[in-house]
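We're numbering straight along the sequence, starting at 1.
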Amino acid sequence: MNMISIEGVVKASFSCKTKDLRDVLKFLKAGLKKTWMEEKPYCEITIKTNAVDFAVIGARKTLYCQATGPVRITISFAHFLYLVEDRPRIQTKISVGDDFMTINETTVGVTTWFFQDDSILRSIDLPFN
């Protein structure tokens, strides 16, 4: 996966139906307070193999789609929502490199963390007392 972007080398990506991504964002938006625009929450996106986790304060949702990773991205929820809903599309393609994310053909600066594999991202089952 050595696709070259305007900003640099793409290290992770995912592609999904825009309707499915908008449904996830609608779910996340419903989990936020009514004053979420004033609070300016961030969205944490974790791309794993064939799954993408989206999390905001109060809500978390997984989207199963064609994805390669692993990477964790942090972006303003309002900005991400705007970039996804800005243009009508059937398919949305997102690619990630060092400190940038390209949504379709729009590139924005983001905070990124790359991992060797997704084992660090798995949940640990702890026994109850």
- What is the minimum heavy-atom distance between Ile47 and Ser13, and which atoms define it? CG2-O, 3.9 Å
- Roughly how far, to the nearest 0.5 Å, is CG of Asn50 from OG1 of Thr68? 9.0 Å
- Query: Between Gly31 and Ala59, what is the shortest heavy-atom contact and its length?
  - Reply: CA-CB, 4.1 Å
- Item | Student check: side-chain heavy atoms of Thr74 and Val110 closer than 4.5 Å | no
- In terms of heavy-atom contacts, does CD of Gln91 have more than 12 from other residues, nucleotides or ligands at under 6.0 Å? yes
- Query: Looking at side-chain heavy atoms only, is the closest gap between Lys40 and Phe77 below 4.5 Å?
  - Reply: no
- Sub-4.5 Å side-chain heavy-atom contact between Asn104 and Lys93: yes
- Do Phe14 and Thr92 have side-chain heavy atoms sitting under 4.5 Å apart? no
- Rounded to the nearest 0.5 Å, how far apart are CZ of Phe27 and CG of Leu32? 10.5 Å
- Decide yes or no for Val108 and Ile75: does some side-chain heavy atom of the first lie under 4.5 Å from some side-chain heavy atom of the second? yes
- Report yes if the side chains of Met101 and Ile94 come closer than 4.5 Å at any heavy-atom pair, otherwise no. yes
- Task: May I ask you to test the Leu63-Cys16 pair for a side-chain heavy-atom distance under 4.5 Å?
- Result: yes
- Query: Is there a chain of hydrophobic side chains (I, L, V, M, F, W, Y, each step under 4.5 Å between heavy atoms) that links Val24 to Tyr82?
  - Reply: yes
- In terms of heavy-atom contacts, Leu28 and Cys43 come closest through CD1-SG, 4.4 Å
- Note on the structure: CD1 (Ile103) and CG (Leu83) are apart, to the nearest 0.5 Å, by 4.5 Å
- Query: Taking Thr112 for the side chain and Ile73 for the main chain, is one N or O donor matched with an acceptor at less than 3.5 Å?
  - Reply: no
- Task: Decide whether a cation-pi geometry holds between Lys61 and Phe54; the criteria are a distance under 6.0 Å from NZ or CZ to the six-membered ring centre and an angle within 45° of the ring axis.
- Result: no
- Task: Verify the neighbour count for atom CD1 of Ile57: are there more than 12 heavy atoms of other residues, nucleotides or ligands below 6.0 Å?
- Result: no
- Item | Asp53 (side chain) donor-acceptor with Thr62 (main chain) under 3.5 angstrom | no
- What's the shortest heavy-atom distance between Pro88 and Arg22, and which atoms? CA-NH2, 4.1 Å
- Message: Let's go through Lys11 and Asp98 carefully: what are the C-alpha distance in whole Å and the side-chain angles of both, what is the deciding distance for side chain to side chain contact (heavy atoms under 4.5 Å, CB included) to 0.1 Å, and is it a yes or a no?
- Response: CA-CA 8 Å; Lys11 296 183 177 181; Asp98 290 323; 3.1 Å; yes
- Query: Does the Ser76 side chain pair with the main chain of Tyr42, one donor and one acceptor, at a distance under 3.5 Å?
  - Reply: no
- Query: Salt bridge check: are Glu85 and Lys19 linked by an N-O gap of less than 4.0 Å?
  - Reply: no
- Residues Arg89, Thr18; criterion side chain to side chain donor-acceptor pair (under 3.5 Å); working and verdict: CA-CA 6 Å; Arg89 297 192 175 273; Thr18 303; over 6 Å; no
- Message: Could you check whether any side-chain heavy atom of Val10 comes within less than 4.5 Å of a side-chain heavy atom of Val96, counting everything from C-beta outward?
- Response: no
